[in-house]
Number of protein chains: 2
Amino acid sequence: MLKYQQTATEIEAYIERHALQQGDKLPVLDQLIRQFEVSKTTMTKALELLERKGTIFQVRGSGIFVRKTNRKGYIELFSTQGFKQNLVEHDIQSKVLSFELIPCPEEIIENLGSPPGEMVYAIKRIRYIDGNIMCLEESYYRQTIVPYLNREIVEQSIFEYLETALGLNIGFSDMYMHVGKLPDSIAQFLELEAGDPALTVETIFHLTNGRPFDYSVITYHYEHSQFVVQANGLYL
Amino acid sequence: MLKYQQTATEIEAYIERHALQQGDKLPVLDQLIRQFEVSKTTMTKALELLERKGTIFQVRGSGIFVRKTNRKGYIELFSTQGFKQNLVEHDIQSKVLSFELIPCPEEIIENLGSPPGEMVYAIKRIRYIDGNIMCLEESYYRQTIVPYLNREIVEQSIFEYLETALGLNIGFSDMYMHVGKLPDSIAQFLELEAGDPALTVETIFHLTNGRPFDYSVITYHYEHSQFVVQANGLYL
DNA sequence: CATTATAATTGTACATGTACAATTTATCAA
DNA sequence: TTGATAAATTGTACATGTACAATTATAATG
């Protein structure tokens, strides 16, 4: 683990240990540097990371303050997959509806940039959050990049397997979101009525080297999912 | 404008000028440093900014590559307000339904952290994208921070006024999203039926110093809005 | 010709240091 | 007490430099 990531984790632990709340002030930068025994660069990067994550905000001339949402039960939309809720990890279960290795379907090719005839793992599963149906997920993994998957892995967290067991470096993703009426074919999986509202999120995941390896379509159960995003201005 | 922001803008111009496409390689770091005549720190920060923005991605040992979505017509969800679409700014119009200065309503107080009795500008407007109804927006601005607003400003871009005319520094925001069925009261503004699907986004905007100044609830027209987010892993 | 080992390329991590801008605190005048 | 002014505090911008890890290109080997 990189030093600035490690430092960020330690600062999070510090916040937790001291039970700091929204708006509470952290030690001054110089103090943090001495306290955690890192250089200014490293501390700055650690703080920047936490700022992007929404854990703190920094005010020049004033100090470094913790940032917390006061709402509970929201899913963090950008938790690099792996549905995390505010502070609390929740109980996520998966029921695998289908799992097969097939030639990449036409309509997926453009999203994954697959060469013709490439094989992909096609997985359909229902995901539960604390016992409630959260979403239906259909995902496609390029076998060229993910050489092996099995039903057991797919019942757990696929991404954790990719990162730890396969050592893949997940980089960035393009997400496309829209709202619409549920078609009957999907409604039945979510135990909802056709025509009910639904949020659909298509995501193309890339490795750090830019190669797309996973295309997924997630349809959320509108009653069992709400999202929080702690954003930082992009300016420019 | 800061040097690294300026540099980032110039690199964007470079990409545009050379008509670089998805996956095309930029000059190597050292070359960029010489070419744009900045230090390594500045160039790195500029590139990091563009990476967060989703304009490029960097691969160690390999190079810097441009990143572009191939889909058109999606609204960038995190364009620091000011609905921007992929590359193209679109024609945004606003119809002001109501504009008043009132004591902060009960249910808004907790979101804005207003002291009791504080006055807020309450604005309700419909926003059109290329002539189509995009969303209904209800927003509340604390008069303590935004001392003056008028109907004319509100018909244009409020945020631009805040930043340029008032010199406010917009920092970060908390967004809460959920999907549901339209109540009749809102459906009529969007020219939809009650029960139709809708995405509702509540946002609390803060200044760089952490003070919340704007709470807004936006209900999107499900047929005239879809969103793109180009995310970068957060790790940790 | 394919494979493996080696070297060159290229971006990232990290350290140190200077200057500065936004904020807060202290000081002083009215 | 109030309000302006100066000083101290504190984070950010920016420059330079070293070391290193991931990738790619090259050379050596069978």
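Below, read A as the first sequence line, B as the second, and so on, with proteins coming before strands; counting in each chain starts at 1. All heavy atoms count here, side chains included; hydrogens, waters and symmetry mates do not.
- Taking a 4.0 Å limit (strictly below) on heavy-atom distances, residues 58-66 of chain B reaches DNA chain C at B:Gln58, B:Val59, B:Arg60, B:Gly61, B:Ser62, B:Gly63, B:Ile64.
- With rounding to whole Å, B:Leu47 atom CG is found 16 Å from D:dA13 atom C1'.
- Checked against side-chain contact (heavy atoms from CB on, under 4.5 Å), B:Glu51 has the following partners two or more places apart in sequence or in another chain: B:Ile56, B:Phe57, B:Gln58, B:Asn232.
- A:Val146 places a side-chain heavy atom less than 4.5 Å from the side chain of A:Leu162.
- Taking atom CG of residue A:Leu207 and atom P of nucleotide D:dT23, one finds them 9 Å apart after rounding to whole Å.
- When the ring pair (Phe, Tyr, Trp, His ring centres under 6.0 Å) test is applied to B:Phe99, the partners found at least two apart in sequence or on another chain are B:Tyr121.
- Listed by chain and number, the residues in a ring pair (Phe, Tyr, Trp, His ring centres under 6.0 Å) with A:Tyr14 are A:His18 (sequence neighbours excluded).
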Under 3.5 Å between N/O atoms: give me all the protein pairs with nucleotides 14-18 of chain D, atom names plus distance.
| residue | atom | partner | partner atom | Å |
| --- | --- | --- | --- | --- |
| D:dC14 | OP1 | B:Lys3 | N | 2.7 |
| D:dC14 | OP2 | B:Tyr4 | N | 3.2 |
| D:dA15 | OP1 | B:Lys3 | NZ | 2.6 |
| D:dA15 | OP2 | B:Ser39 | N | 3.2 |
| D:dA15 | OP2 | B:Ser39 | OG | 2.4 |
| D:dA15 | OP2 | B:Thr42 | OG1 | 2.2 |
| D:dA15 | O5' | B:Ser39 | OG | 3.3 |
| D:dA15 | N7 | B:Thr41 | OG1 | 2.9 |
| D:dT16 | O4 | B:Thr41 | OG1 | 3.4 |
| D:dT18 | O4 | B:Lys40 | NZ | 2.8 |

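- Under the side-chain contact (heavy atoms from CB on, under 4.5 Å) criterion, A:Val217 pairs with A:Thr200, A:Glu202, A:Tyr215, not counting sequence neighbours.
- Side-chain polar atoms of A:Ser39 and A:Thr42 form a donor-acceptor pair below 3.5 angstrom.
- Distance, A:Asn209 CG to C:dT10 P: 17 Å, rounded to whole Å.
- Atom CZ of A:Phe57 is separated from atom C1' of D:dT12 by 16 Å (rounded to the nearest Å).
- The stretch residues 22-32 of chain B comes close to DNA chain C through B:Val28, B:Leu29, each having a heavy atom under 4.0 Å from the strand.
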Show every donor-acceptor pair shorter than 3.5 Å between a side-chain atom in residues 103-111 of chain B and any protein atom, with sequence neighbours excluded, or say none if there are none.
| residue | atom | partner | partner atom | Å |
| --- | --- | --- | --- | --- |
| B:Asn111 | OD1 | A:Arg71 | NH2 | 3.0 |
| B:Asn111 | ND2 | B:Glu107 | O | 3.3 |

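- In this structure B:His206 satisfies the side-chain contact (heavy atoms from CB on, under 4.5 Å) test together with B:Phe172, B:Asp174, B:Ile204, B:Pro212, sequence neighbours excluded.
- Contacts of B:Asn169 classified as side-chain contact (heavy atoms from CB on, under 4.5 Å), with partners at least two apart in sequence or in another chain: B:Thr208.
- Atom pair B:Asn169:CG and C:dA22:C1' shows a separation of 9 Å (rounding to whole Å applied).
- The distance from atom CD1 of B:Ile170 to atom C1' of C:dA22 is 17 Å, rounded to the nearest whole Å.
- Among residues at least two apart or in separate chains, there is no salt bridge (charged side-chain N to carboxylate O under 4.0 Å, His left out) pair with a member in residues 1-10 of chain A.
- Sequence neighbours left out, the pairs with a member in residues 141-158 of chain A that pass salt bridge (charged side-chain N to carboxylate O under 4.0 Å, His left out) are A:Glu118-A:Arg142.
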